[in-house]
Amino acid sequence: MPNLQATQIPVTPFQQNCALIWDADSGIGTVVDPGGDVPRILAALDRAGFTVERILLTHGHLDHAGGAAALKRALEERQGGPVPVEGPDRRDAFLLEGLAEQGQRFGIEGLENVTPDRWLEEGETIAIAGQDFAVLHCPGHTPGHLAFVSEALQVAVVGDVLFRGSVGRTDFPYGDTEALITSIRTKLLPLGDGIRFLCGHGPGSSFGEERLSNPFLAGG
Ligand SMILES: [Zn+2]
């Protein structure tokens, strides 16, 4: 088994969990959802001490994606090679194209639009810290939201789809509550109660804990 380590850095005024996930044996890892506060992310990377293979985005919201372009530039200079930004699903392109404007609206400095080096789609497999994770399309919070799941490791990264005791908000013009709940019920929970997840805000949990106690999933 890999010697997988993870740490989360709350970034932006929205306290979004930027996740660092790495294999302490190979020294290779991944940054998920660098929404902003790039100097703090770089300082955490210094402490963790691994080479970043890619930057992954679960969805196109500013607190998840607003620092991706700046982090990519900084890492490529440090590491001397390409650090691709991958994901989310192409259906979040309209959000990534509006990050700078959204940042200004919320008074957050330094957020930039980003064009991923590669869009991801459900059915693909992506490496996180050298381990295979399935890409699942879980729309509802945003149209192109992705989750990354390793059944072998019993670990998932779910962004703003599912939280401990809550689910992602859907009160946006493009939000879809029914699609969100369907995503959780039909794609995530069937993967098994034992899967622990990291999420975009607050502490993580497990699919089993949420299946049993999450009020937004009651009655199903
Ligand atoms: Zn979001």
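Because the structure is a prediction, the values reported are computed rather than measured. Nothing fancy with the numbering, it's 1 onward along the sequence. First listed ligand is number 1; within each ligand, the first listed atom is number 1.
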**Check: I126 and R54 side chains under 4.5 Å, non-hydrogen atoms** = yes
**Prompt:** Between V158 and T58, is a side-chain contact (heavy atoms from CB on, under 4.5 Å) present by the stated rule, with each step listed?
**Reply:** CA-CA 7 Å; V158 303; T58 61; over 6 Å; no
**2.8 Å cut-off (strict), protein N, O or S atoms about the Zn ion (ligand 1)** = 4
**Message:** Strictly by ring pair (Phe, Tyr, Trp, His ring centres under 6.0 Å), give each pair with a member in residues 68-99 just once, sequence neighbours left out.
**Reply:** F94-Y174
**Item:** Worked check of side-chain contact (heavy atoms from CB on, under 4.5 Å) between T170 and D176
**Value:** CA-CA 6 Å; T170 52; D176 185 335; 5.9 Å; no
Sequence neighbours left out, cut at 3.5 Å: what donor-acceptor pairs do the side chains of residues 62-75 make with other protein atoms?
residue: D63; atom: OD2; partner: H201; partner atom: NE2; Å: 3.3
residue: H64; atom: ND1; partner: Q16; partner atom: OE1; Å: 3.4
residue: H64; atom: ND1; partner: D33; partner atom: OD2; Å: 2.8
residue: H64; atom: NE2; partner: D160; partner atom: OD1; Å: 3.2
residue: H64; atom: NE2; partner: D160; partner atom: OD2; Å: 2.9
residue: K72; atom: NZ; partner: E76; partner atom: OE2; Å: 3.0
residue: K72; atom: NZ; partner: V83; partner atom: O; Å: 3.3
residue: K72; atom: NZ; partner: D117; partner atom: OD1; Å: 3.4
residue: K72; atom: NZ; partner: D117; partner atom: OD2; Å: 3.0
residue: R73; atom: NH1; partner: E112; partner atom: OE1; Å: 3.1
residue: R73; atom: NH2; partner: E112; partner atom: OE2; Å: 2.8

**ring-ring contact (aromatic ring centres under 6.0 Å, His included) against F197, all qualifying residues, sequence neighbours excluded** = F207
